[in-house]
Protein chains: 2
Amino acid sequence: MTERTITGTGSADVVRRPHRADARRNFDALLVAAREAFAQHGTGASLEDIARRAGVGIGTLYRNFPTRQDLFDAVYVDDVEGLRREAEKVAGLPPWEALVTWLRRFVGYVATKAAISEALNRESAMFRSCRDIMYGAGEPLFARAQEAGDARADISFDDVLRLVGGITGASFVDDEQRERVLGIALDGVRARPAGAV
Amino acid sequence: MTERTITGTGSADVVRRPHRADARRNFDALLVAAREAFAQHGTGASLEDIARRAGVGIGTLYRNFPTRQDLFDAVYVDDVEGLRREAEKVAGLPPWEALVTWLRRFVGYVATKAAISEALNRESAMFRSCRDIMYGAGEPLFARAQEAGDARADISFDDVLRLVGGITGASFVDDEQRERVLGIALDGVRARPAGAV
DNA sequence: GTTATTGTGGAGGCATACCTCCGCTATTGC
DNA sequence: GCAATAGCGGAGGTATGCCTCCACAATAAC
């Protein structure tokens, strides 16, 4: 009963968008509210609160998203899809710049921050599929940066993603500091000219 | 009513340890259970579950720690105290090694991981005091590494702490990966021989 | 051993979240 | 316009957590 269908092409049709106009409005409002709530309170955000924020009854929430997971997935898949699109956008940039730009998007973009690290580990068809998409998007950028001699050769893309994921989940005084700290981390990813211990 | 006494000498007497023998046993069992629960479920761990784990009634928990904050503080103060002691231990090492060793302890030691990032921001007398202790312990190590030319001069200790704090909160496949990722981050903190963009 | 006191633990009241169910309403197709 | 129907929303049952209160038990003092 835990299995769900994920479209192979990567489109986010995990749950069906309703046909009727009012239903579609509610569906969208729920997604917006859920994204906000998950970003604010993490995976455990109150579903009743989400329904309230969306201005719909709790019953409507459950009809559209029978389980918490269904709702979370819908938001999460959107985020991951967004990251995939971002990867395409930066494809034209020089290797290192492309990687850095994408990773910055990664930190800024993802609303489901609180669950990122969980998602990297979680064993479920859905999470695995999203992780694949994320890797499919980012790993080539990293490999290209490595081949160009810009990124260290002795680490994996998974390492980088978890490093940046950690920063995504951390808290900062302001955006400026977050950028600075991300910069420090990226310096660690960057290849050294010579070799220092 | 939110004010609490923190002993200036740094001992963790935020709440009084009881005098009677059985009471002391329960007190200690609660601390152990709470450390475990907070590490596992974050700040929001169920107090009733903690009492159960400790094998005491919920009433006993509340008598010793009237609020959730009191219980959390007791665990947190212990952790911070531990970090302070670690800082003294590494004082004899060379600058960079001392900093790195301490930061590694930071990642491994702290049981109240989930609240670290929150604690760095939270405005409360208790958190502020602990942050001061933490800074008092780590900042000199960082300053020394900067003066020795080992750590970058253009970043602050706060930046480093948040960077490492993020890694502390992230999840990893195994300890080896966490060490490796921390290594990447520390490379970013390290001063460069020349100057590369 | 006896008594005074300190501490115990869980029953129970309150709040909140989850989820189901069904009488009512809005939309759509004609 | 009108019927058919897809969708609505919240009442309410269940579970769980928070916290208080007090009859009872363990300990300490003598």
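None of the values given here were measured: they were computed from a predicted structure. Each chain gets a letter, A, B and so on, in the order its sequence line appears, and its residues count up from 1.
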Considering only [options], which nucleotide approaches the side chain of [X] most closely?
| X | options | value |
| --- | --- | --- |
| A:Asp22 | C:dT27, D:dT20, C:dG7 | C:dT27 |
| A:Leu47 | C:dC18, D:dG7, C:dT8 | C:dC18 |
| A:Arg20 | C:dC19, C:dT8, C:dT27 | C:dT27 |
| A:Arg68 | C:dC19, D:dC19, C:dC18 | C:dC18 |

- May I ask you to evaluate whether A:Asn26 reaches the phosphate of D:dC8, defined as a side-chain N or O under 4.0 Å from OP1 or OP2?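 A:Asn26 to D:dC8 OP1/OP2: side-chain N or O found under 4.0 Å.
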- Message: Side-chain N or O of B:Thr60 versus OP1/OP2 of C:dG9: is the shortest distance under 4.0 Å?
- Response: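 For B:Thr60, the contact criterion (side-chain N or O under 4.0 Å from OP1 or OP2 of C:dG9) is met.
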Classify the nucleic acid contact of [X] as base, sugar-phosphate or nothing, counting any heavy atom under 4.0 Å across all strands shown.
| X | result |
| --- | --- |
| B:Asp49 | nothing |
| A:Arg63 | base |
| A:Arg25 | sugar-phosphate |

- Message: According to a hydrophobic-cluster definition based on side-chain heavy atoms being under 4.5 Å apart (Ile, Leu, Val, Met, Phe, Trp, Tyr only), do B:Tyr135 and B:Val164 belong together?
- Response: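 Both belong to a single hydrophobic cluster.
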- Task: Please report the shortest heavy-atom distance between B:Phe157 and B:Trp102, naming the atom on each side.
- Result: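 So the two residues come closest at CZ-CZ3, 3.9 Å.
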- Between B:Ser46 and B:Ala21, name the one whose nearest nucleotide on DNA chain D is closer to the 5' end.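 Between the two, 5'-proximity favours B:Ser46.
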